[in-house]
Amino acid sequence: MSDKNQLDFKIPTHLLPADGRFGCGPSKVRPEQVAAVTSRLTSVMGTSHRQAPVKNIVGSVRSGLMSLFNLPEGWEIVLGNGGSTVFWDVATFGLIRERSHHLVFGEFSSKFAEASAAAPHLADPVVLSSDTGTHPTPVADASCDIYAYPHNETSTGVALTPVRPGGDGLVVVDATSAAGGLMWDPANVDVYYFAPQKCFAGDGGLWIAACSPRAVERIREIKATKRWQPASLDLSIALDNSVANQTYNTPALATLIMLDEQVQWMNTNGGLQWAANRSADSARTLYSWAESRAFATPFVANSAQRSNVVGTIDIDGVDANQISAILRANGVVDTDSYRKLGRNQLRIGMFPAIDPADVAALTGCIDVVVEHLSS
Ligand SMILES: *Cc1c(COP(=O)(O)O)cnc(C)c1O
């Protein structure tokens, strides 16, 4: 059978998910979020971010996240432009006193370790790594003043529920793909940072960091040392602007509106536990399906480390790229594996916005595509 014929395969319409977006970021945006932008077409879009209409949305995002994460008094929601990648540089200037400790178990966790290793004003970081598909065990290290690791390693689908390794170090968690879809205890974390294009189903471009009182203290302490910090990466400037419901420079307004809408959607439906339950439902469906198929295996062998928001499924005997290509031709998109991982794999976003029934439908679609490719 020629490749062309194979890609021409039509998945029966009744098997298709209602929404075919399964990417791990950018990810499915709910129509209500776009409607929220449209409904503010003249009242917010195209208006000053220094005036009440936009500041009220920033304020609503900040208070909405405080209640979503059930944060104790004294925590601050800080935000700025540039996404989580820029936050690594922000943290390198404004959170790490001297030496950071990193758990590296995939592409995203390695990037923060690289950023701090490259910083001339810091000592070489301590890096503990493990094979992809697993995570290292968090351990205390008295020589380090921050512990950095992801809540969810998006490149591999491994989740690590935040714990405090011990000692004085601040716990700084990359929650880019976890925030809003996985449970966590603020007692175990000092900085929980993320971007809006994953569980919050928005658009990229912002970083948001929930900061504990100890983290706020650290930000002030480092600022007082007069260490050079570029203003656009200066966490104390971002903090001062955030408490006034502003950003240092102009934010993308539509991104803020979509984020606010998603936080409200979660809060009005039952909060973080409700949102996390939706992802957990999807994950149960996906992993139990994979375990029941001869051609599929969950990549993360230890089920306790398997992510409820990013599912990675190894495929045997069929080219996973061909499966993804046929799905795409049928309107079911972004099921491709993380390229640098180099595995014959599908990677499936199971963020709260994605209907668990659509994840179930997706498994049915993969079944017929694999049957077609095997025949
Ligand atoms: C997506 C992702 C990032 C990068 O986010 P940007 O907003 O694109 O910079 C960082 N860390 C994790 C865990 C991610 O999933």
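Ligands are counted one by one from 1 in listed order, and the atoms in each one are counted from 1 as well.
- The distance criterion of under 3.5 Å between nitrogen or oxygen atoms is not met by Asn152 with respect to ligand 1.
- Contact annotation: for Val86 versus ligand 1, there are no heavy atoms closer than 4.0 Å.
- Between Trp265 and Trp274, the distance separating the two ring centers is shorter than 6.0 angstrom.
- Atom 15 (O) of ligand 1 has its closest protein heavy atom at Thr154 OG1, 2.3 Å.
- At a 3.5 angstrom cut-off on N or O pairs, Ser84 counts as close to ligand 1.
- Other residues, nucleotides and ligands contribute only 12 or fewer heavy atoms inside 6.0 Å of the CD atom of Glu98.
- Atom 11 (N) of ligand 1 has its closest protein heavy atom at Asp174 OD2, 2.7 Å.
- Residue-ligand proximity, Gly83 to ligand 1, at heavy-atom distances under 4.0 Å covers atoms 7 (O), 9 (O).
- Scanning the protein for heavy atoms near atom 1 (C) of ligand 1, the closest one is Lys198 NZ, 1.4 Å.
- At a cut-off of 3.5 Å, with distance as the only test, no side-chain donor of Asp203 or Gln197 sits close to an acceptor on the other residue.
- Numbered from 1 in the order shown, with element, the atoms of ligand 1 that lie under 4.0 Å from a heavy atom of Ala195 read 7 (O).
- Tested against Leu362 for a side-chain contact (heavy atoms from CB on, under 4.5 Å), the candidates Ile348, Leu16, Thr285 yield a single pass: Ile348.
- The nearest heavy-atom contact from the protein to atom 8 (O) of ligand 1 is Gln197 NE2, 3.5 Å.
- For Asp168, the CG atom counts as loosely surrounded, since its 6.0 Å shell holds 12 or fewer non-hydrogen atoms of other residues, nucleotides or ligands.
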task = Please test Glu153 against Ser109 for side-chain hydrogen bond (donor to acceptor under 3.5 Å, both in side chains), starting from the C-alpha separation and ending with a verdict.
result = CA-CA 7 Å; Glu153 180 40 84; Ser109 40; 2.7 Å; yes
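- The ring-ring contact (aromatic ring centres under 6.0 Å, His included) test with Phe194 is passed by exactly one of Trp207, Trp184, Phe200, Phe108: Phe200.
- Atoms of ligand 1 lying under 4.0 Å from at least one heavy atom of Ser177, given by number and element, are 15 (O).
- More than 12 heavy atoms of other shown residues, nucleotides or ligands fall within 6.0 angstrom of atom CD in Glu291.
- Residue-level proximity to ligand 1 for Thr85 is carried by backbone and side chain together, each with a heavy atom below 4.0 angstrom.
- Contacts between Trp88 and ligand 1, counted as non-hydrogen atom pairs separated by less than 4.0 Å, involve the side chain only.
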